Amino acid sequence: MKIVRDLSEDGNLNTSLYNLLSNFGESSQLLYYSEHKLRHPLAIYNRGASQFLNDYKRLIDFIIYDYSNFDEFNTRSFARYGLLRAIFGSFASFIDDTYSIFKCFYATDESSYRGKYNSRWFEKANPKLYERYDTYKRNIDTLSTFSEINNELKHANGRMSTLIINANYRGKSIGFFVEGLDDNGQIIPNIKFHKSYRNMRTAFSLTWFLYEILADFYFVCDSVTKIIEQIITDKGIVFQSTSITDDTFSESLKDIVLSLESACTSFLYYDEYETRPMTQITLLNNILTIQKPATKTFMKRFIDLNTVPCQITLGASGDGMSKSYGMVYYEISV
């Protein structure tokens, strides 16, 4: 999977979906948002995308502070947890918004569904495109994991713990895991999201997570663009999308990518380097490239923690009842 946004050709570094929706005026004959009492689809996109990217930047800024103030890690880890919860929530909300955007391209009588869920409405309006969009999302391999984590946090009283891996003179890396319980009531990484690696419990490094969720945002938008283009084609309407200049977003995105470089250490966790595909995000000469899997050249910037001695510290807090936490990246005795 690969997306390239060229400032000179596209007019901005925003997503292809932004460019497409910006071509529809308020009175466009292609749109039925007023019938559904919805915002204009570009307004739906702008609100959802802005919330996600603002939460993303807040997390990056917080991490940059942490890397220069590691002594405060334990007292600040749950503030970071709050930011993690926010970014999972805003990302899931944005995906929900995409169904509202689809709905704007259909009249109210084009679906037999009368309930409150826009995804179901779209499914009844166009089952084939609903399934195609679902297939696109399934091909974004981390998307389902992030959605399931949000559901765990939102509906199942899920919690997260943070950790530091200290590679001594090579630096430190912050990460997190969604909590679960083993048969003895010990708090461990939830095996639904954190698969065993070499008989060790695993976690997510924020390095890996920040690259993946930003890339997923662009991949989802690219999928939505393809679906809308197909809707327009199916309706037999001739439409030509043009480039849209958006200097404000482009400068903001540049700031995010540069901050991403500062926020991410040179470490990936043990299993991430070997078994979990990494996404490449680069910004060079006003060309944003998002590619999965990353090139070998890009991966050379990361150090495999299997090759350096490390110490692991959990940034966890007691709940008054749980007696212990299971070790992460420590071989489990059988």
Side-chain angles (χ1 to χ4, degrees), residues 55 59 62-63 66 70 72-93 95-96 138 140-167 172-213 216 267-277 305-306 310-334:
D55 288 341
L59 178 59
F62 194 95
I63 295 166
D66 266 358
F70 264 99
E72 298 184 29
F73 174 79
N74 286 330
T75 58
R76 290 169 56 82
S77 62
F78 278 90
R80 184 185 311 103
Y81 157 67
L83 296 179
L84 279 169
R85 178 184 284 271
I87 198 172
F88 276 116
S90 59
F91 184 58
S93 294
I95 293 173
D96 289 341
R138 286 196 299 268
I140 306 172
D141 56 1
T142 51
L143 187 62
S144 62
T145 298
F146 294 155
S147 296
E148 289 169 8
I149 288 176
N150 181 66
N151 288 335
E152 184 80 10
L153 299 176
K154 186 175 180 180
H155 303 297
N157 198 33
R159 294 290 183 270
M160 287 184 282
S161 287
T162 50
L163 69 151
I164 291 178
I165 294 185
N166 185 343
K172 301 178 177 71
S173 178
I174 300 174
F176 69 95
F177 61 85
V178 182
E179 294 180 355
L181 293 173
D182 65 12
D183 294 338
N184 298 316
Q186 182 175 239
I187 297 175
I188 61 171
N190 192 317
I191 60 175
K192 289 191 296 184
F193 315 116
H194 306 285
K195 307 304 180 185
S196 176
Y197 167 76
R198 294 186 181 179
N199 207 33
M200 296 186 294
R201 302 183 183 101
T202 63
F204 296 145
S205 70
L206 283 176
T207 303
W208 176 85
F209 172 73
L210 286 169
Y211 275 99
E212 293 306 310
I213 200 164
D216 283 1
F267 298 112
L268 292 175
Y269 287 176
Y270 303 90
D271 55 315
E272 292 171 341
Y273 196 90
E274 291 191 2
T275 66
R276 202 179 299 162
L305 283 179
N306 286 292
C310 300
Q311 295 176 326
I312 301 174
T313 303
L314 291 178
S317 178
D319 57 19
M321 292 298 293
S322 301
K323 302 300 182 183
S324 62
Y325 275 74
M327 292 297 293
V328 181
Y329 293 114
Y330 184 84
E331 188 170 358
I332 306 168
S333 59
V334 179

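Keep in mind that this is a model prediction, so the values were computed, not measured. Sequence positions, counted from 1, serve as the residue numbers for this chain.
Distance check, rounded to the nearest 0.5 Å: CZ of Arg159 to CD of Glu152 gives 10.5 Å. Once rounded to the nearest 0.5 Å, the distance linking CD1 of Ile140 with CZ of Phe146 reads 11.0 Å. Glu212 CD to Thr142 OG1: the interatomic distance, rounded to the nearest 0.5 Å, is 5.0 Å. Atom CD1 in Ile87 sits 5.5 Å away from atom CG in Leu59 (nearest 0.5 Å). Residue Asp271 holds its CG atom at 8.5 Å from CZ of Phe204, rounded to the nearest 0.5 Å.
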* Asked: Given Phe209 and Tyr269, is the ring pair (Phe, Tyr, Trp, His ring centres under 6.0 Å) satisfied, shown in steps?
  -> CA-CA 11 Å; Phe209 172 73; Tyr269 287 176; over 10 Å; no
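Between Gly89 and Asn150, the shortest heavy-atom contact is CA-OD1, 3.3 Å. Residues Gly158 and Arg85 share a closest heavy-atom pair of O-NH2, 3.2 Å. Listed here is the closest heavy atom pair of Asn190 and Lys192: OD1-N, 2.9 Å. Taking both residues in full, the closest heavy atoms of Ile95 and Ser147 are given as CD1-OG, 4.3 Å, listed atom of the first, atom of the second, then distance.
At least one donor-acceptor pair closer than 3.5 Å links the side chain of His194 to the backbone N or O of Val178. Put simply, the side chain of Glu272 never gets that close to the backbone of Trp208: no donor and acceptor are under 3.5 Å apart. For the pair Ser205 (side chain) and Leu268 (backbone), a donor-acceptor distance under 3.5 Å is absent. No donor-acceptor pair under 3.5 Å is formed between the side chain of Tyr270 and the backbone N or O of Met200.
In summary, the aromatic rings of Phe177 and Phe193 are positioned with their centroids too far apart to meet the 6.0 Å limit.
By the side chain to side chain contact (heavy atoms under 4.5 Å, CB included) test, Ile312 is found to be paired with Leu163, Ile165, Tyr329, residues two or more places apart in sequence or in another chain being considered. Evaluation of the side chain to side chain donor-acceptor pair (under 3.5 Å) rule for Asn184 yields no partner, not counting sequence neighbours. Listed by chain and residue number, nothing satisfies the salt bridge (Lys or Arg N to Asp or Glu O under 4.0 Å) test with Asp182 (two or more places apart in sequence, or in another chain). Remark: Asp55 pairs with Gln51, Arg58, Ser90 by the side chain to side chain donor-acceptor pair (under 3.5 Å) rule, at least two apart or across chains. Asp141 is linked by a side chain to side chain donor-acceptor pair (under 3.5 Å) to Lys292, counting only residues two or more places apart in sequence or in another chain. With sequence neighbours excluded, no residue satisfies side chain to side chain donor-acceptor pair (under 3.5 Å) with Thr145.
Residues Leu143 and Phe91 meet the side-chain proximity criterion, which asks for heavy atoms closer than 4.5 Å. Leu181 is listed as a side-chain neighbour of Ile187, based on a closest heavy-atom distance under 4.5 Å. Contact check for Leu206 versus Phe62: no side-chain heavy atoms found under the 4.5 Å cut-off. Residues Leu84 and Leu153 fail the side-chain proximity criterion, which asks for heavy atoms closer than 4.5 Å.
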